[in-house]
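All remarks here apply to the structure that follows.
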Amino acid sequence: MSSQQSVLFDAPGPRARRWIVLGNVLGALVVLGIAALVVVQLAAKGQFAAALWEPIFTSSAWQNYFIPGLQNTLRAAGYAIVGAVIFGLVFGSGRLARVRAVRWLSGVVVEFFRAVPVLLMMVFFWLLFGFNRISDDPAFLAVVIALILYNGSVIAELVRAGVGNLPKGQSEAGLAVGLTGGQVLRSIQLPQALIAMLPALVSQLVVVLKDTALGQIITYNELLRAAQIFGNGNSNNLQTLTVAALIFIVINWALTAVARWLSRYLSGRTAGQTAAGPGIGNPVAIAGKGPGAPPVTAGDPGGGGGGSVL
């Protein structure tokens, strides 16, 4: 049996593998058939006409709609990502605190904002800031705060779970050398937990970027709203929304690629080989009992006696 084979289930046999391949082929054919049907229907309705696509590739479309909308999307996502990470680290650490009151308060905050829908928070803060004239751009502020509160609560849970999954020996070793509980959390546990939860963290950051599109409901002029305005003016909503979707896909792919590189980079820096010490790799010199090796005596320099024994 292969050493890489999972112990949770048996490897499929030849017959099972044939059925798996057959299922994959049939699934691919079904997907291709649906895609072909959609393309045929769109072509029948004239959605591939050049007149509908030409306005998208004009300089006016990109300078006045797509690029400003993309800038607003990235601006809101940038502020929200930084704020959500800080919020998650603070309240995730709070949920791991030794003081019961801090753990309880952090748990209430995290669970509350995880339960409230993002769109509801956006509408609430938009109305709050707009009626009280708190900001010149209440839609932008509402989008950022709502994304920070919701995604920061999710990241806090990731931090708590990441630290909880670490071996207990990590904290025990830190306490044994005289560190306090807070120092152990900040210096030993959190760095390891952040590396371990990096894939889940990146997935949540992608969610932040995509959820900025909800801002179009409260009139925030992000990429989706800009595409809708341009499409309504040129009667080509399908085409403009397709371009907006492709832009989102490219950005999310780039973010995922950067995260993969960062994960490999951090793993390479934290997973080093043990340096060879005296006698490592030469068991004969250590034991003195290899083939043909002389017996080790107390006065033998090679045996580590270093002189006579008193």
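Residue numbers count from 1 along this sequence. What's counted below: heavy atoms across the whole structure, side chains too, no hydrogens, waters or symmetry copies. A quick note: this is a predicted structure, and the numbers were derived from the prediction, not measured.
Scanning both residues, Ala61 and Pro55, for their nearest heavy atoms gives CB-O, 3.4 Å. Nearest heavy-atom pair, Leu147 versus Ala80, reported as atom, atom and distance to 0.1 Å: CB-CB, 3.7 Å. Minimum interatomic distance between Asn236 and Leu52 (heavy atoms only, all atoms of both residues): ND2-O, 2.8 Å. Nearest heavy-atom pair, Gly88 versus Ile155, reported as atom, atom and distance to 0.1 Å: CA-CG2, 3.9 Å. Across every non-hydrogen atom of Ala226 and Gly69, the tightest pair is CB-CA, 4.1 Å.
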**Asked** Hey, mind stepping through Ser60 and Asn64 against side-chain hydrogen bond (donor to acceptor under 3.5 Å, both in side chains) and telling me if it holds?
**Response** CA-CA 6 Å; Ser60 175; Asn64 300 323; 3.1 Å; yes
**Request:** Begin from the C-alpha positions of Gln41 and Gln47 and carry the test side-chain hydrogen bond (donor to acceptor under 3.5 Å, both in side chains) through to its verdict.
**Result:** CA-CA 9 Å; Gln41 292 294 328; Gln47 293 298 321; over 6 Å; no
**Item:** Test side-chain contact (heavy atoms from CB on, under 4.5 Å) applied to Phe91 and Ser153, step by step
**Value:** CA-CA 8 Å; Phe91 284 92; Ser153 299; over 6 Å; no
**Request:** Determine, stepwise, if the pair Arg225 / Glu222 fulfils salt bridge (charged side-chain N to carboxylate O under 4.0 Å, His left out).
**Result:** CA-CA 6 Å; Arg225 179 173 175 80; Glu222 44 75 50; over 6 Å; no
**Asked** Please walk me through it: do Phe87 and Val109 pass side-chain contact (heavy atoms from CB on, under 4.5 Å)?
**Response** CA-CA 11 Å; Phe87 184 98; Val109 172; 3.9 Å; yes
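Atom OG1 of Thr256 is separated from atom CD1 of Ile251 by 11.5 Å, given to the nearest 0.5 angstrom. Within the model, atoms CG of Leu42 and CG of Leu37 stand 9.5 Å from one another, a figure rounded to the nearest 0.5 Å. Arg100 contributes atom CZ, which lies 12.5 Å from atom CH2 of Trp104 (distance to the nearest 0.5 angstrom). The line from CG of Asn151 to CG of Leu158 is 10.0 Å long, rounded to the nearest 0.5 Å. In this structure, CD on Gln228 lies 10.0 Å from CG on Leu223, to the nearest 0.5 angstrom. Rounding to the nearest 0.5 Å places CH2 of Trp253 at 14.0 Å from CG of Leu246.
A salt bridge links Glu157 and Arg95; the closest N-O separation between the charged side-chain nitrogens and carboxylate oxygens is under 4.0 Å.
Residues Leu120 and Val207 are members of separate hydrophobic clusters, defined by side-chain heavy-atom contacts under 4.5 angstrom among Ile, Leu, Val, Met, Phe, Trp and Tyr. Cluster annotation: Tyr79 is connected to Tyr150 through the hydrophobic network of ILVMFWY side chains, with a link wherever side-chain heavy atoms come within less than 4.5 Å. Taken together through direct or relayed side-chain contacts under 4.5 Å among Ile, Leu, Val, Met, Phe, Trp and Tyr, Leu74 and Ile247 form part of one hydrophobic cluster. Residues Val243 and Ile229 share a single hydrophobic cluster, defined by chaining ILVMFWY side chains whose heavy atoms lie under 4.5 Å apart. Leu224 and Ile67 end up in different hydrophobic clusters when Ile, Leu, Val, Met, Phe, Trp and Tyr side chains are linked at under 4.5 Å.
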Going by atom type alone, with no hydrogens or angles, which donor-acceptor pairs under 3.5 Å involve a side-chain atom of residues 121-146 and a protein atom two or more places apart or on another chain?
{"unit_1": "Asn132", "atom_1": "ND2", "unit_2": "Leu128", "atom_2": "O", "d": "2.7"}
{"unit_1": "Ser135", "atom_1": "OG", "unit_2": "Asp137", "atom_2": "N", "d": "3.1"}
{"unit_1": "Asp137", "atom_1": "OD1", "unit_2": "Phe140", "atom_2": "N", "d": "3.4"}

Table please: side-chain donor-acceptor pairs of residues 210-221 below 3.5 Å, with sequence neighbours left out.
{"unit_1": "Thr212", "atom_1": "OG1", "unit_2": "Leu209", "atom_2": "O", "d": "2.5"}
{"unit_1": "Tyr220", "atom_1": "OH", "unit_2": "Asn72", "atom_2": "O", "d": "2.8"}

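Without hydrogens or angle criteria, Arg103 side chain to Arg98 main chain gives a donor-acceptor distance under 3.5 Å.
Sorted by first and then second residue, the ring-ring contact (aromatic ring centres under 6.0 Å, His included) pairs involving residues 26-65 (not counting sequence neighbours) are Trp62-Phe66, Tyr65-Phe230.
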